[in-house]
Amino acid sequence: MSSTEGLISHLPNDIGGKDADAINMEEHSMLPWEKRCHALLDVLATHQIVNTEEKRRGVENLGSEIIGNLTYYERWIVSAVNILFEKRILTPDQIANKTKEISERK
Amino acid sequence: MTVPDHHDHDHAHPGVTKDEEPYGYYATLELAVRELLIEAGLITTDEHRRQIEILDSRSPVLGAKVVARAWTDPEFKKRLLADGSAACEELGITMYDGAHLIVHENTDQVHNMVVCTLCSCYPRPVLGLPPDWYKNKQYRARAVKEPRAVLKEFGTTIPDEVSIHVHDSNANMRYLILPLRPAGTEHLTEEELAGLVTRDAMIGVTVVKSSLVQTNRGQA
């Protein structure tokens, strides 16, 4: 097998059967925003705006560097945003304006 | 009353507990998406708030109730193994995520465990949110390849003559393990039995013991 074949034969999250380290059993409590993010994605799935499979594909499409560096719910929200762009439900401009408005509150 | 002698930030504390203030990049992104979709009329504030309530209401206590009922009611167990979602709904546990719940029973010949190699599919309606290790690379990668070694890290040794079945979940199929009822629990009530059933036993990485006191978790 060539050195690059593994990069194409498996999507970055398709890791079943690979070698890996010992399991780290430490658990952390969910941050408030993570719970809000989880609930938002559940609501989007209920309405089939972004369903579970689409969200997973969106995470896969982030590529291994982003997948490797973002935390779990960071990947979820970025995936959802990309799917919403793809479906033309939201535009990058809307997100840019809204995040600016939010950061100027208070 | 203790007066803090030092307060090194000057923002107000409107909530009961400290939240991220100001919001980080990703928290802001979540809020931006949510507000835009609410403004577009695609979702409502109430749905989002309600979903947070649902998430808060789900925990392994529900799964334990299902297991204890199956251990004490053979007819219920039959229905549970035939259709996990429908049997849970009998106990008032709704499958809010629309996924189908499949229950696998551990026996003297077969030990079952659950993984989601691709992401983090998990029977959330009956167990709540998955532990971090379930979502991390190490468990997802290794569970399907060397389950006995993985189980050992959880302090679980399954005899060689017992087969191990690893179930890889997906968005439409979620698995719950019906653990073996431990010996010496014949005198316990359904409620007492439920108290013995742990989250990790329902994922299949541990077994249920007749007392919760001695668990070997983490002794790899």
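We name chains A, B, ... by the order of the sequence lines, and we start the count at 1 in each one.
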Approximate separation, where rounding is to 0.5 Å, of [X] [atom1] and [Y] [atom2]:
| X | Y | atom1 | atom2 | value |
| --- | --- | --- | --- | --- |
| B:L129 | A:K35 | CG | NZ | 8.0 Å |
| A:I77 | B:Y25 | CD1 | OH | 10.5 Å |
| B:N136 | A:E26 | CG | CD | 10.5 Å |
| B:C119 | A:W76 | SG | CH2 | 9.0 Å |
| A:L44 | B:L37 | CG | CG | 6.0 Å |

**Q.** Considering all heavy atoms, the nearest A:T99-B:A32 contact
**A.** CG2-CB, 3.7 Å
Mind ranking [options] by heavy-atom pairs under 4.5 Å with chain A and telling me who comes out on top?
| options | result |
| --- | --- |
| B:R34, B:E146, B:K135 | B:K135 |
| B:A40, B:S120, B:A149 | B:S120 |
| B:L55, B:T44, B:V150 | B:L55 |
| B:I52, B:L36, B:L31 | B:L36 |

Q: Please test B:F154 against A:I23 for side-chain contact (heavy atoms from CB on, under 4.5 Å), starting from the C-alpha separation and ending with a verdict.
A: CA-CA 9 Å; B:F154 285 91; A:I23 293 154; 3.9 Å; yes
(Q) Report which part of B:R124 has an atom under 4.5 Å of a heavy atom belonging to chain A: side chain, backbone, both, or neither. (A) side chain
Q | Interface moiety of B:D168 toward chain A, non-hydrogen atoms closer than 4.5 Å | A |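 Answer is neither: B:D168 stays 4.5 Å or more from chain A.
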Looking at chain B, which one of [options] has the largest number of heavy-atom pairs inside 4.5 Å, strictly under?
| options | value |
| --- | --- |
| A:N24, A:V43, A:T52 | A:V43 |
| A:A45, A:C37, A:A22 | A:A22 |
| A:E53, A:K18, A:E74, A:R75 | A:E74 |
| A:V59, A:I95, A:N51 | A:I95 |
| A:L40, A:L70, A:D14, A:L41 | A:L40 |
| A:T46, A:D19, A:N97, A:T71 | A:D19 |

Q: Using non-hydrogen atoms and a 4.5 Å limit, figure out which bit of A:L90 sits close to chain B: side chain, backbone, both or neither.
A: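 Just its side chain gets close to chain B.
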(Q) Heavy-atom cut-off 4.5 Å, strictly under: side chain, backbone, both or neither for A:I49 against chain B? (A) side chain
(Q) Can you see whether A:H38 engages B:Q51 through a side-chain donor-acceptor pair at a distance of less than 3.5 angstrom? (A)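 Not at all, the side chains of A:H38 and B:Q51 share no donor-acceptor pair under 3.5 Å.
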Donor-acceptor check, side chain of [X] to backbone of [Y], threshold 3.5 angstrom: yes or no?
| X | Y | result |
| --- | --- | --- |
| A:H47 | B:I43 | no |
| B:D132 | A:M25 | no |
| A:E27 | B:P131 | no |

Q: Using the side-chain contact (heavy atoms from CB on, under 4.5 Å) rule, take B:E39 and A:K98 through it: C-alpha gap first, then chi angles, then the decisive distance, then the call.
A: CA-CA 11 Å; B:E39 286 162 18; A:K98 184 56 103 173; 2.5 Å; yes
Report, as yes or no, whether the 6.0 Å neighbourhood of atom [atom1] on [X] holds more than 12 heavy atoms from other residues, nucleotides or ligands.
| X | atom1 | result |
| --- | --- | --- |
| A:K100 | NZ | no |
| B:E192 | CD | yes |
| A:E65 | CD | no |

Q. Does the side chain of A:D42 come within less than 4.5 Å of B:H48's, by heavy atoms?
A.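 They are not in side-chain contact.
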(Q) Taking the side chain as everything from C-beta on, heavy atoms only, tell me whether A:W33 gets closer than 4.5 Å to B:Y26. (A) yes
Q) Where do B:V33 and A:L84 land on the side-chain contact (heavy atoms from CB on, under 4.5 Å) test, with the steps shown first? A) CA-CA 9 Å; B:V33 171; A:L84 290 165; 3.7 Å; yes
Q: For the pair A:D21 and B:K137, find out whether any cationic side-chain nitrogen is under 4.0 Å from an anionic carboxylate oxygen.
A: no
Q.
Looking at A:R36 and B:E35, is any side-chain nitrogen of the basic one under 4.0 Å from a carboxylate oxygen of the acidic one?
A. no
